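Okay, structure first, notes after.
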Amino acid sequence: MALGAFFKDPFAPGSESKISWGEYQIKVIPELVVSDVTEKSIIFNASKDPNARLAILRDANFSRPPGETVKAFCRSNQCSYSRYEGDAVEGAIANFRMDKNLQLVLIKPKAGNLWIEYKGPKEHFTTFETLINDIHTQSIEMEKTI
C-alpha cells in the first residue's frame, strides 16, 4: 500500500498537483513542504520557516478534546489558552508566554477521525489554513457517503 503519492491530472481544470494520502486528495500548496508521510500521519512544514509545522493524524485515539488538552498543557507550561473558532471543529490555541511568537493549535474536525496539530510562529499559521479547510471539507464529504 502506498502511504502517499504525488500526482498531477493533466485533464483537470487548472491541472493542479495533489498528494494522495489514503482517501484524501490534498492540493499541493507551494508554501508548504511535506516532511513525513506514514499511513497514520502526514506532516507539513512552511517552506519559509521549517519551525512552522502542521501534523495531520488519522485514527488518533486521544482521550480528551482539544480544549481540555490545551488547558491541561498550559497549566504546566506557562501558556495561555484560547478557543479556536470554527463551525464544525473543536479547537484550542496555546500561546506561550516565554516566546510570545510561538503557538500550539489543536483542531479536531467533528467529521472524520482526524487530529490536526500546528506548532510554530503565529504569523505562519495562516499559511496552513487552506490545507486545514481542504482536509475538513473532505472529511465532511466522506462522512456523508458512509
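The shown structure was predicted, so the numbers you read here are calculated from the model rather than taken from an experiment.
Side-chain contact check for I56 versus K40: every heavy-atom pair is 4.5 Å or farther apart. Under the 4.5 Å side-chain criterion, counting only non-hydrogen atoms from C-beta, Y84 is in contact with F125. Using a 4.5 Å cut-off on side-chain heavy atoms (C-beta onward), I132 and L54 make contact. Side-chain atoms of N95 and S82, non-hydrogen and from C-beta on, do get closer than 4.5 Å to each other.
Listed here is the closest heavy atom pair of S139 and L114: OG-CD1, 3.4 Å. Across all their heavy atoms, L32 and A46 have their closest contact at CD2-CA, 4.2 Å. Annotation for N45 and F128: closest pair C-CZ, 4.0 Å, computed over non-hydrogen atoms.
A salt bridge links E117 to R53: one of the charged nitrogens lies within less than 4.0 Å of a carboxylate oxygen. Using a 4.0 Å cut-off between charged side-chain N and carboxylate O, E68 and K71 make no salt bridge.
Looking only at distances, a side-chain donor or acceptor of S47 sits under 3.5 Å from a matching main-chain atom of E31. At distances below 3.5 Å, not a single donor-acceptor pair connects side-chain atoms of Q103 with backbone N or O atoms of I93.
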Report task. For side chain to side chain contact (heavy atoms under 4.5 Å, CB included), just list the numbers for I42 and I19, CA-CA rounded to whole Å, side-chain angles, deciding distance to a tenth of an Å, and then say yes or no. Result -> CA-CA 10 Å; I42 186 166; I19 300 165; 4.2 Å; yes

Query - Trace of the side chain to side chain contact (heavy atoms under 4.5 Å, CB included) decision for E23 with E141 - result: CA-CA 11 Å; E23 61 274 16; E141 292 301 316; over 6 Å; no

Report task. In sequence, state the C-alpha distance, the side-chain angles, and the governing distance for K108 and N113, and then conclude on side chain to side chain contact (heavy atoms under 4.5 Å, CB included). Result -> CA-CA 8 Å; K108 169 81 176 84; N113 192 15; 4.2 Å; yes

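From I107, atom CD1 reaches atom CD1 of I135 across 11.5 Å, with rounding to the nearest 0.5 Å. Atom CE of residue M142 and atom NZ of residue K144 lie 12.5 Å apart, to the nearest 0.5 angstrom. Between atom CG of residue L131 and atom NZ of residue K27 there is a gap of 10.5 Å, rounded to the nearest 0.5 Å. In this structure, Y81 OH and T69 OG1 are separated by 10.5 Å, a value rounded to the nearest 0.5 Å. With rounding to the nearest 0.5 Å, the separation of NZ in K119 from NE2 in H124 is 15.0 Å. Atom CG of residue D36 and atom CD1 of residue I43 lie 5.0 Å apart, to the nearest 0.5 angstrom.
Pairs of residues two or more places apart, or lying in two chains, that qualify as disulfide (SG to SG under 2.5 Å) and include a residue from residues 32-116 are C74-C79.
Of the candidates E129, E123, K122, T126 forms a side-chain contact (heavy atoms from CB on, under 4.5 Å) with just one, namely E129. The side-chain contact (heavy atoms from CB on, under 4.5 Å) test with F44 singles out one residue from T127, I26, V33, I29, and that residue is I26.
Note: the hydrophobic cluster containing W21 also contains V28 (ILVMFWY, side chain heavy atoms under 4.5 Å, direct or indirect links).
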